[in-house]
There are 2 protein chains.
Amino acid sequence: MPKVGMEPIRKEALVRATIEEIGRAGSLDVTVAQIAKRAGMSSALAHHYFGGKDQIFLAAMRHVLSVYGAQVRAALAAADTPRQRVEAVIRSNFEPPNFRPEVISAWLSFYVLAQTRTPARRLLRVYQNRLHSTLLFDLRQLIGERSDAAATGIAAMIDGHYIRHALHDAPPNPLEATASVLDYLDLVLSRDATADGDGDGNGLCGRDRVPLKQ
Amino acid sequence: MPKVGMEPIRKEALVRATIEEIGRAGSLDVTVAQIAKRAGMSSALAHHYFGGKDQIFLAAMRHVLSVYGAQVRAALAAADTPRQRVEAVIRSNFEPPNFRPEVISAWLSFYVLAQTRTPARRLLRVYQNRLHSTLLFDLRQLIGERSDAAATGIAAMIDGHYIRHALHDAPPNPLEATASVLDYLDLVLSRDATADGDGDGNGLCGRDRVPLKQ
DNA sequence: TTTTATTGATTGACGAGTCAATCAAAAGGG
DNA sequence: CCCTTTTGATTGACTCGTCAATCAATAAAA
């Protein structure tokens, strides 16, 4: 069995196992042994590849964030107008890969992790800032000065729906969350819409939206 | 020193110390010894009065929630109209006693605790439901059927601003958070305002939008 | 004397990280 | 193509520290 090139496979397995295990436990109270067992190896090997528990967690966090980032990027690529882009970003947050129970649980845990570990905090900040910038860029073209507050509000609401779902034992319901944030966006945009200057040029002040996927 | 009637004093000191210690650590990774030391007693005494770590945490959580509850109740008592009541509830969340760094940190930790301990979860649920009911009751008198979605949105946004402030190292800024949620309330209320009682008088966009969830 | 307060010391469990040893594939050298 | 050497993979066993919980003992009220 001892072949060459195991490192990436093992690391990937460990990252996946870490997220699953955090999801199962609902917290960071997860032992390296548990993670390693789920990933099908000894705890010593986990240490060998990652060096320590912290780095395992960090790698798992990086993975979650990168999956999330990819999701956002893909959704943005398919959007044409600024408004569509904002909607795409909002939707991305509640799309399946990011909105499964274990991942929601992991997000919540990462927030806690970010309170104590500087690297984790830095990582989370990068993504928060990126989200804010993206929202801001597109919102600026729709509403003027209010865009910063709007971006903050949207981001807060997204986080809020996440946390709220962390406590529901029922399977997460992306539709409600998405609809809620999109509705907020709608309100924000329609307030500042001048006669027809909502930017997307449809002149309809944000009706005729594609009603919620699925 | 050994006098009678120490129990309530000791318990109170422990609860306070627990919150402070959780705030300092930024997580639930806090030992009974640390808490006891901060409260000026031995860890054995902490165990003696509370029976175990879990019950100490639960008591701390109960305390935070009860302070919060009192705040809300007081604010509600001073409000006259339904709208004022909703605003009062919103404001309460960001009022000093609830919006200090340690308490914010504690809230976040309690969310995590609620994921694993059933009593903690139950406790948090009670307060979430109470908040939702309160909001719902007053919103119903302002907007009709949309009030449930609105209450959910407001609650989510409040939580979101909390979590957001948990990561800022700067002292929390209640004004921005309050303004953000109140602005959202504003938007929600003006949408459903009848013919032109909405005050913003734009009378244009943002009505008759796609119905929310489902 | 009984009850309450209080603690130092101890126990028992658990968990992160280390290490030496094993195993097998690859690499090299004749 | 065999033999040897190197190197990566892998683990069981062990160390060391920490921490929740317990207990027996002490001291001071009541």
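Throughout, a chain's letter reflects where its sequence line sits, starting with A, and its residues are numbered from 1. As the structure is a computational prediction, the values presented were derived from the model and not from experiment.
- Whole-Å rounding puts the Gln34(B) CD to dT18(D) P distance at 11 Å.
- Of all non-hydrogen atoms in Ile22(A) and Phe57(A), the two that sit nearest each other are CD1-CE2, 3.9 Å.
- Here the P atom of nucleotide dA5(C) and the CZ atom of Phe50(B) are 13 Å apart, to the nearest Å.
- Between Arg10(B) and the phosphate of dT6(C), there is a side-chain N or O to OP1/OP2 separation shorter than 4.0 Å.
- Distance CG (Asp54(A)) to C1' (dG17(C)): 12 Å, rounded to an integer number of Å.
- For Tyr49(B) and dA5(C), the shortest distance from a side-chain N or O to OP1 or OP2 is below 4.0 Å.
- With rounding to whole Å, His48(B) atom NE2 is found 14 Å from dC23(D) atom P.
- In this structure, the CD1 atom of Ile35(A) is 11 Å from the P atom of dG17(C), given to the nearest Å.
- Position along DNA chain D of the nearest nucleotide to Ala33(B) versus Met41(A) favours Met41(A) as the more 5'-ward residue.
- Aromatic ring orientation, His161(A) versus His165(A): tilted (interplanar angle from 30° to 60°).
- Backbone-only engagement by Thr31(A) is indicated by non-hydrogen atom pairs under 4.0 Å involving sugar-phosphate atoms exclusively.
- Remark: C1' of dA21(D) and CD of Gln55(B) are 12 Å apart, rounded to the nearest angstrom.
- Checking Ser105(B), Ser109(B), Ser27(B) one by one against Gln115(A), the side chain to side chain donor-acceptor pair (under 3.5 Å) holds for a single residue, Ser105(B).
- Between Glu20(A) and Arg24(A) there is no salt bridge, since no side-chain N of the basic residue sits under 4.0 Å from a carboxylate O of the acidic one.
- In this structure, the CZ atom of Phe57(A) is 10 Å from the P atom of dG17(C), given to the nearest Å.
- His47(B) has its NE2 atom 16 Å from the P atom of dT6(C), to the nearest Å.
- Residue Met6(A) places its side chain closer to dA9(D) than to any other of dC23(D), dA16(C), dA9(D).
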